[in-house]
Amino acid sequence: MYSDSSLEPNQSLPLQGRGNVVVLNSKFKMNALHDELAEFSHAIIKGVPSSLGFVASPHYSADIGLEVYSNNYRGNLQDALAGAYPVIEQLVGADFFRQLARGFISLHGSCSASLFDYGAELGDFLEHDEPARALPYLPDVAKLEWACHRAYFATDVEPLNLARLSQVSADEYANIFLKVHPACYIVRSPFPIVALWQAHQPQGSFEINLASGGEIALISRQRDVVNVREITPDEAYWLRAVIHGKNLGMATVSTLETFPTFDLQNTLLLFASLGIWTDFTLGETS
Amino acid sequence: MKNQQVLSLAIGSLLALGLVGNAAAADTKMEKCYGVAKAGANDCGSKKAGHACAGHATMNNDKHDFVALPKGTCDKIAGGSTTESDDMMMKKGM
């Protein structure tokens, strides 16, 4: 297991770990480096011993050295998941969450250089994870948390320029296409996910009645603060129409057909106060 | 016609209140830094280095006891678990 004395610097790839050094075996030639690295990363990601003759320090065996890398890999992803899903972690407890994370990490490798991109599929994973299925609201809470996570990292965008809007003549209002902030998300659930989420914020209340029915969550961001609030079905219907490229006239007419009591004025002001309008364009005059 | 009035009223009130929710970016003194996020909750710097070498590092992290049931705040949510009745029966059985 020890280092071959004929090692030449350009034939080895020293990889620095804490307190021990793993050196790829020099008996493979340069053109095999890619294969060695692939094998090395496979051993780390899958947490399996490697068939390659990795050379470890005199103080550690190669298997223990690989385990250090492997545990660092999993530990990083586990902490990334805990960072993205603090409410899920509180709901199920740290021990159960660690187990969930382990199961998730074994199925989902990290595909991005940024850890903030890791964990999008946890909501779907929870739908199929046997012990977690006992808590049927978990997947939707996870989807809400992922939306918050993405909202936090969404691009900064200038808010709507009201001076420009004020120059639009009233006849053209129906032709306005409003643009929505990239940090804006809608998550629907048959469970009271907003109440569940809020219960886990500071000063949250646990007076939750799961039988009270579903909630639609609107996620938005002002400066660095992510907001989560419940919106009504008509507000969600109208906002979805706007997001999907309907102009104000069409979005409002179609919403009023389904929800005759829809209040455009309050809805527009509510969304403005949450900072979700960033810009507008004018369509062709019909 | 009615729709036109609804739109005029709504946009008129938006303009009157001057409500856009977000301060202009120029006013924002604090820029978000990609490496320092969520009050240090998701950084892979010093915190993780500490984690990696503090105990976990040389043990196989995968071989922990199996935790059969969630034990978090879900207990506070009445009617929230589909296996609650099974648990009760198990407890009675024991």
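Note on naming: letters A, B, ... go to the chains in the order of the sequence lines (proteins, then strands), and numbering restarts at 1 for each one.
Every residue was checked against the salt bridge (Lys or Arg N to Asp or Glu O under 4.0 Å) condition with A/D171, not counting sequence neighbours, and none meets it.
In this structure, A/D79 does not pair ionically with A/R74, as no charged nitrogen and carboxylate oxygen lie closer than 4.0 Å.
For the atom pair CD1 of A/I88 and CG of A/L100, the computed distance is 8.5 Å after rounding to the nearest 0.5 Å.
Of the residues considered (A/L268, A/L264, A/V92), A/V92 shows the highest number of contacts with chain B, using heavy-atom pairs under 4.5 Å.
The contact between A/I176 and chain B is made entirely by side chain atoms (from C-beta outward), counting heavy-atom distances below 4.5 Å. Only the side chain of A/L196 comes within less than 4.5 Å of a heavy atom of chain B; its backbone N, CA, C and O stay farther away.
Here the side chain of A/N247 pairs a donor or acceptor atom with the backbone of A/A174 at under 3.5 angstrom.
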